[in-house]
Novice: 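Have a look at this one before I ask anything.
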There are 2 protein chains.
Amino acid sequence: MNLLVTIKEVAKLAGVSMTTVSRAYNPKSVIKESTRQKIFSIAKDIGYAPNLSARGLVTNKKFVIGVFLSSIHTNMSTFLSDILSNIHDGLPDNYLLSVEGIDRITDFNQKVKNRFDGVIVVSQSTADDTFIYQLKDNHIPSVVILRPIDNDDIYNIYSDDETGILEEIKLIAENGHKSIGMIGGRPEFVASIKRRRAVETGCAINALSLEPAAIKMGDYSPESGQVLMEEILELPTDQRPTCIVCANDDMAVGAIRACYENNINVPNDISIIGFDNVDYSKISTPALTTVSNPIGLMSNMAIKKLISIINDETDNDNPQTSVVLQPKLIIRESLANIK
Amino acid sequence: MNLLVTIKEVAKLAGVSMTTVSRAYNPKSVIKESTRQKIFSIAKDIGYAPNLSARGLVTNKKFVIGVFLSSIHTNMSTFLSDILSNIHDGLPDNYLLSVEGIDRITDFNQKVKNRFDGVIVVSQSTADDTFIYQLKDNHIPSVVILRPIDNDDIYNIYSDDETGILEEIKLIAENGHKSIGMIGGRPEFVASIKRRRAVETGCAINALSLEPAAIKMGDYSPESGQVLMEEILELPTDQRPTCIVCANDDMAVGAIRACYENNINVPNDISIIGFDNVDYSKISTPALTTVSNPIGLMSNMAIKKLISIINDETDNDNPQTSVVLQPKLIIRESLANIK
DNA sequence: ATGAAAGCGCTAACAA
DNA sequence: TTGTTAGCGCTTTCAT
């Protein structure tokens with residue numbers, strides 16, 4: 001099989017000009033259908049595939065979409081496959097999907113500029129803002145998901161975490177709890193700050209007390225949830241809350257693990273609730289009461305929006321640049337009714 | 001910021017020719033260091049980034065590595081982030097990493113040909129073979145990991161599952177078990193077949209009986225583990241084995257969940273062991289006794305090998321095309337000693 | 001150590 | 001509906 005089959009050879013064999021072959025590959029150009037079929041048939045025979053470098057040089061298109069996450073590391077839960085499979089579902093066939101961590105970009109010009117037709121930023125941290133504004137400055141079509149960006153020019157899809165937490169706290173109060181603790185997330189993540197504030201607000205509204213000695217900040221990993229829960233369990237029993245609110249499911253599972261090792265039954269001895277509704281929260285023991293975080297849906301909406309931006313289908317019907325999704329309470333087993 | 005800064009403008013501003021600017025960006029070309037620095041400085045000022053389409057047209061390089069998985073779907077455990085973070089660790093700065101599922105490729109010529117400098121195939125199924133041979137036919141540098149390929153021309157890294165299983169079975173026997181059951185994986189995956197056979201062999205060696213009524217085949221999802229375990233629990237008690245071997249950790253966790261719902265304690269009432277040693281197997285309750293499947297390590301070895309192939313650093317010291325990794329027994333809590 | 005010119009494979013006017 | 005021609009931005013001879 002030849003390594004360098006060009007448009008020229010196809011043209012010669014088909015008895016047409018290069019332009020005609022080129023047109024055969026462009027869906028919206030005028031060409032007799034029989035000619036197109038003939039060209040495709042020959043192309044297939046000799047193994048011709050358009051050279052995208054040459055095409056890109058002329059059209060300035062790359063047929064590559066970039067997905068940039070704040071960071072790619074092990075221990076990401078099922079996060080990544082959820083995002084990628086949902087993006088692929090909306091990705092046109094001829095596009096490639098490149099995946100990269102923002103924290104690894106050393107040279108924007110080399111790594112990003114001139115390489116993507118569009119970019120989806122899955123952002124968890126304000127540290128990503130520099131990158132996001134570079135995208136904007138370079139006029140690279142972008143959609144930012146997962147956290148709100150305070151800029152009307154940037155298309156943005158995120159979930160209304162506060163409402164979710166507020167509902168969670170209300171549910172806890174309704175189940176007769178009076179005092180709660182919390183295991184929060186990384187302080188550098190916007191979501192952590194907002195979730196913590198929402199917990200405080202929720203406690204105020206529902207006349208719950210948030211035990212200061214049982215407020216811990218983790219790093220979203222199961223291990224940190226476990227370690228921090230150990231600390232909470234060491235509290236004198238009169239200070240120990242009857243329910244611990246965790247900033248994500250991973251830490252909640254770690255917290256359950258800590259209880260298990262200390263022979264403390266969840267939820268009979270203490271209740272634990274999570275956030276995110278990751279896949280395995282429903283098969284953990286006990287199954288987690290949590291709040292959905294529709295990251296798959298956001299990813300799918302993001303790629304659809306991005307493609308429409310790239311194809312310049314500016315929707316004047318729907319000019320809004322931000323979409324806020326509503327979270328949903330998922331009630332399972334880890335919260336006890338102690339009334 | 002200008003959208004189309006070319007080599008020409010940099011050349012003009014630096015008072016040199018286009019060729020010299022081009023040389024500045026090629027590490028192994030002869031150029032005075034001061035000129036190079038001057039060019040870089042100007043390039044940075046006016047926001048120049050080489051146009052990779054133009055470069056690729058000449059050099060036939062794409063600066064894109066492709067990662068192809070058998071399939072990308074939700075519920076993949078932490079598999080994907082483990083693979084990607086390890087590949088990124090070995091990826092040169094100027095390369096993009098494209099991620100795709102083999103099961104979504106409709107047109108090899110369009111999606112693959114002429115688009116990658118090299119490809120890593122993370123293969124779980126013989127269904128991928130067509131794709132793998134297309135890579136070979138098109139002379140695209142490739143490394144296949146996760147499952148053995150029976151072809152000496154294809155660079156291949158995988159783990160010796162059988163040995164792992166055999167050790168697992170031996171451990172079960174040493175802990176006093178006499179009869180076991182199994183929850184296997186998808187029959188279309190090579191690994192499933194081999195793991196099942198290894199279980200049978202292990203039973204023969206260690207004088208264990210594999211209860212026919214307690215052999216079930218699942219699809220590697222936690223849900224299938226749960227459903228299948230329910231079936232096993234419905235068996236009359238004299239037929240119910242004292243230990244269930246699961247083909248992966250996800251199904252093992254599902255099986256534990258089934259026990260929990262039926263008030264059966266793991267491992268006191270029944271033992272369950274897994275395979276893969278995924279991240280959360282150590283914080284599940286009980287923590288899983290399992291076998292490591294060094295997929296992160298394989299990914300890292302694969303990218304290093306691939307880059308060396310691309311850079312034509314043919315290592316005559318080490319001409320082997322296959323590497324077999326040894327698995328490790330991870331002993332935790334889910335297997336009881338019933339002696 | 002640097003420059004001039006040819007050409008990579010393709011698309012986009014313009015012409016027929 | 002199809003063909004001719006110019007040129008996209010870069011690297012690579014071959015000079016100097």
Side-chain angles (χ1 to χ4, degrees), chain A residues 2-40 42-43 46-64 94 109-110 113-117 138 311-312, chain B residues 2-40 42-43 46-64 94 109-110 113-117 138:
Chain A
N2 201 329
L3 227 29
L4 275 172
V5 189
T6 73
I7 206 172
K8 218 168 176 172
E9 301 176 45
V10 180
K12 200 183 338 173
L13 263 66
V16 298
S17 73
M18 281 163 50
T19 316
T20 303
V21 177
S22 171
R23 277 194 266 256
Y25 283 91
N26 191 320
K28 52 177 185 265
S29 64
V30 276
I31 180 174
K32 199 158 56 174
E33 191 52 33
S34 62
T35 327
R36 168 175 275 144
Q37 288 314 324
K38 187 175 162 197
I39 288 170
F40 280 170
I42 289 170
I46 64 174
Y48 168 74
N51 182 321
L52 296 193
S53 295
R55 179 185 285 170
L57 183 54
V58 181
T59 61
N60 207 26
K61 293 208 62 171
K62 283 96 185 111
F63 295 100
V64 181
N94 48 343
N109 279 353
Q110 174 180 270
K113 202 170 177 178
N114 291 336
R115 302 198 76 165
F116 303 103
D117 298 309
N138 285 277
N311 294 339
D312 205 13
Chain B
N2 201 328
L3 227 28
L4 276 172
V5 190
T6 74
I7 206 172
K8 216 169 178 173
E9 303 175 43
V10 180
K12 197 175 354 164
L13 263 64
V16 297
S17 73
M18 282 162 50
T19 316
T20 304
V21 178
S22 171
R23 276 194 266 256
Y25 283 90
N26 192 320
K28 54 177 186 264
S29 64
V30 277
I31 179 174
K32 199 158 56 173
E33 190 52 32
S34 61
T35 338
R36 170 176 274 144
Q37 289 314 323
K38 187 172 162 198
I39 288 170
F40 281 171
I42 289 170
I46 63 174
Y48 169 74
N51 182 321
L52 297 194
S53 295
R55 178 183 287 170
L57 183 54
V58 181
T59 62
N60 208 26
K61 293 208 60 171
K62 281 96 186 115
F63 295 101
V64 181
N94 48 343
N109 278 354
Q110 174 181 272
K113 201 170 178 178
N114 291 337
R115 304 199 73 165
F116 303 103
D117 298 309
N138 284 277

Novice: So, for Ala49(B) and Asn114(A), which heavy atoms are closest and what is the spacing to 0.1 Å?
Specialist: O-ND2, 3.3 Å
Novice: Using a heavy-atom cut-off of 4.0 Å to chain B, what are the terminal contacting nucleotides of DNA chain D, in 5' to 3' order?
Specialist: dG9(D) to dT12(D)
Novice: Write down the atom of Asn60(B), the atom of Asp117(B), and the distance for their closest heavy-atom approach.
Specialist: O-OD1, 4.4 Å
Novice: Taking Thr59(B) for its side chain and Arg55(B) for its backbone only, find out whether a donor-acceptor pair lies under 3.5 Å.
Specialist: yes
Novice: Enter the distance from Tyr48(B):OH to Lys8(B):NZ here, rounded to the nearest 0.5 Å.
Specialist: 13.0 Å
Novice: I'd like to compare against my own output: the B/S/- annotation of nucleotides 8-15 of chain C with a strict under-4.0 Å heavy-atom distance to protein.
Specialist: BBBBBB--
Novice: To the nearest 0.5 Å, tell me how far Ile7(A) CD1 sits from Thr19(A) OG1.
Specialist: 7.5 Å
Novice: Is Thr35(B) near enough to dT2(C) that one of its side-chain N or O atoms lies under 4.0 angstrom from OP1 or OP2?
Specialist: yes
Novice: Please lay out, stage by stage, how Asn51(B) and Thr6(B) fare under the test side-chain contact (heavy atoms from CB on, under 4.5 Å).
Specialist: CA-CA 8 Å; Asn51(B) 182 321; Thr6(B) 74; over 6 Å; no
Novice: Should Lys12(B) and Glu9(B) count as an ion pair when the cut-off is N to O under 4.0 Å?
Specialist: no
Novice: Return yes if some donor-acceptor pair links the side-chain N/O of Lys38(B) with the main-chain N/O of Ala14(B) below 3.5 Å, else return no.
Specialist: yes
